[in-house]
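In the text below, chain A, chain B and the rest are named by the order of the sequence lines, each starting its count at 1.
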2 protein chains.
Amino acid sequence: MTDGVAERSRPRDRILETAQDMFHKHGIKGVGVDAITEAAGTNKMTLYRHFESKDELVIECLRATAAKASRIWDEFEAQHPGDKLAQLHAWVQKASELLSADSRGCDMANAAVELTETDHPARRVIKELKEAQREKLVALCRDAGIGQAELLADTLSLLLEGARVSMQSVGAEGPSAQFVRMAESLIVSFRVR
Amino acid sequence: MTDGVAERSRPRDRILETAQDMFHKHGIKGVGVDAITEAAGTNKMTLYRHFESKDELVIECLRATAAKASRIWDEFEAQHPGDKLAQLHAWVQKASELLSADSRGCDMANAAVELTETDHPARRVIKELKEAQREKLVALCRDAGIGQAELLADTLSLLLEGARVSMQSVGAEGPSAQFVRMAESLIVSFRVR
DNA sequence: CTAGGGTGTTACCGGTCTGTAACTTCCAGC
DNA sequence: GCTGGAAGTTACAGACCGGTAACACCCTAG
């Protein structure tokens, strides 16, 4: 039971937290609702009283993950209040740390790969959340005084997304190991311009 | 039956081709062997006479995909014999074309995302094939006279990998739309150095 | 013409999946 | 102490999964 998260709290919270963790580790199609409820120390009926379907649970998990990521951005502002360029460097640093700490990449991107049905209800949620994150990074670049803010933000996005997926196929010693160097010299080259 | 590939040829070839196509479109866990054999105009017994398991079929499909990609590299050499820099630009161009033509990304990366079991037999194959592709790109960059060939190759790899996964979450109008511009200016900046 | 290998067909095994029904148990608020 | 709602339990439905057994067929090489 390596996935046990059985602190005493409300069943709904336990289910949500456990599901996040297990979806992240094993993929969405790789884990059944029975396994989630068991690891959460509850049962299937209780899950279906709080979530109308597995798809809906998946969506709630993605929203929770995005909310967690959003809280990290607050740290940047707290650590470097007003200094947007420093916050951009902190973004690079934090991304690199998360790359080292976890090899399963981005939950939203992974879900998009796994849920191939074009009309799957989670797909529009993924798109919305990813677009919001993109907006945030663009704004950070612009406020940091970068000229082509959109282009830098998109390039950094692709580098990070690529690093996270590359780790899953070739491991941490592959191209993703150079992420920080790539990102930093990119920022430099965009500032000079 | 949108996945039908029923030309008269040997069952093994039809199964392999059909499986490649369906794994690509619907994911590995998203398609069963019954669906593959039906679309290939054959039956399950015949599949299991040629492939000892679904996992083995998956591996054969990945090898076939990699072989197809390898043939594209031969085109570069044919189109620009000896001119490695031109071949590098052709690589960027071709990558961009494939991005526009297909939104389901790289089969190997997708498989790595889907097959989370660390000891899954396909994982080592994915790693080997990806490492071979990396070697090829590094060699191309080096032979094109790029100083930091490894770094350029890895950066281009991450950009492309990122573009392919980004398309699946936010669509073709997202950051991946700028792939060519990013790659080309990267090459320029590495040449100047 | 015949033998034999590749192929097709049908049925089945044991397991897993999402989702539901009916019933019991527990516990907090009155 | 009683009550009402949340949570747990058991069993089940219906579908799908990967994989196998037994047998009929067809077509080509000799």
Spell out yes or no: do the side chain of B:Arg49 and the base of C:dG5 have one donor N/O and one acceptor N/O closer than 3.5 Å?
no
So which nucleotide from C:dT9, C:dT18, D:dG8 ends up closest to the side chain of A:Asp34?
C:dT18
Quick one: does B:Arg10 reach the base of C:dG6 with a side-chain donor-acceptor pair under 3.5 Å?
no
OP1 or OP2 of C:dT18 less than 4.0 angstrom from a side-chain nitrogen or oxygen of A:Ser53, does that happen here?
no
Test item: A:Met182 and B:Asp154 side chains (from C-beta on) under 4.5 Å apart, heavy atoms:
yes
Inter-residue atom distance A:Trp91.CH2 - A:Leu156.CG, 0.5 Å rounding
5.0 Å
Under 4.0 Å: is that the gap between some side-chain N or O of A:His50 and OP1 or OP2 of D:dA6?
no
Write down the distance between CZ (A:Phe51) and C1' (C:dT20), rounded to a whole number of angstrom.
18 Å
Rounded interatomic separation in angstrom, taking NZ from A:Lys29 and P from D:dC16:
14 Å
Measure CG/A:Leu57 against P/C:dG19 and give the value in whole Å, please.
10 Å
Between C:dT18 (C1') and A:Glu52 (CD): distance, integer Å:
14 Å
Taken to the nearest whole Å, NZ/B:Lys54 to C1'/D:dT20 is 17 Å
For atom CG of B:Leu47 and atom P of D:dT20, their distance in whole Å
11 Å
Sidechain N-carboxylate O distance under 4.0 Å for A:Glu17, A:Arg12:
no
State, without any angle test, whether A:Lys136 and A:Ser70 hold a side-chain donor-acceptor pair at a distance under 3.5 Å.
yes
Taking only side-chain N and O atoms of B:Thr46, does any of them lie within less than 4.0 angstrom of OP1 or OP2 on C:dT7?
no
Closest to side chain of B:Met45, choosing from D:dG19, C:dG8, C:dT9
C:dT9
Residue closer to the 5' end of DNA chain C, A:Val33 versus B:Thr42 (nearest nucleotide):
B:Thr42
Rounded distance in Å - CD (A:Glu38) to P (C:dC17)
11 Å
If I take atom NZ in residue B:Lys44 and atom P in nucleotide D:dG18, what distance separates them, rounded to the nearest angstrom?
8 Å
Assess whether a salt bridge exists between A:Arg124 and A:Glu128, defined as any Lys/Arg side-chain N lying under 4.0 Å from an Asp/Glu carboxylate O.
yes
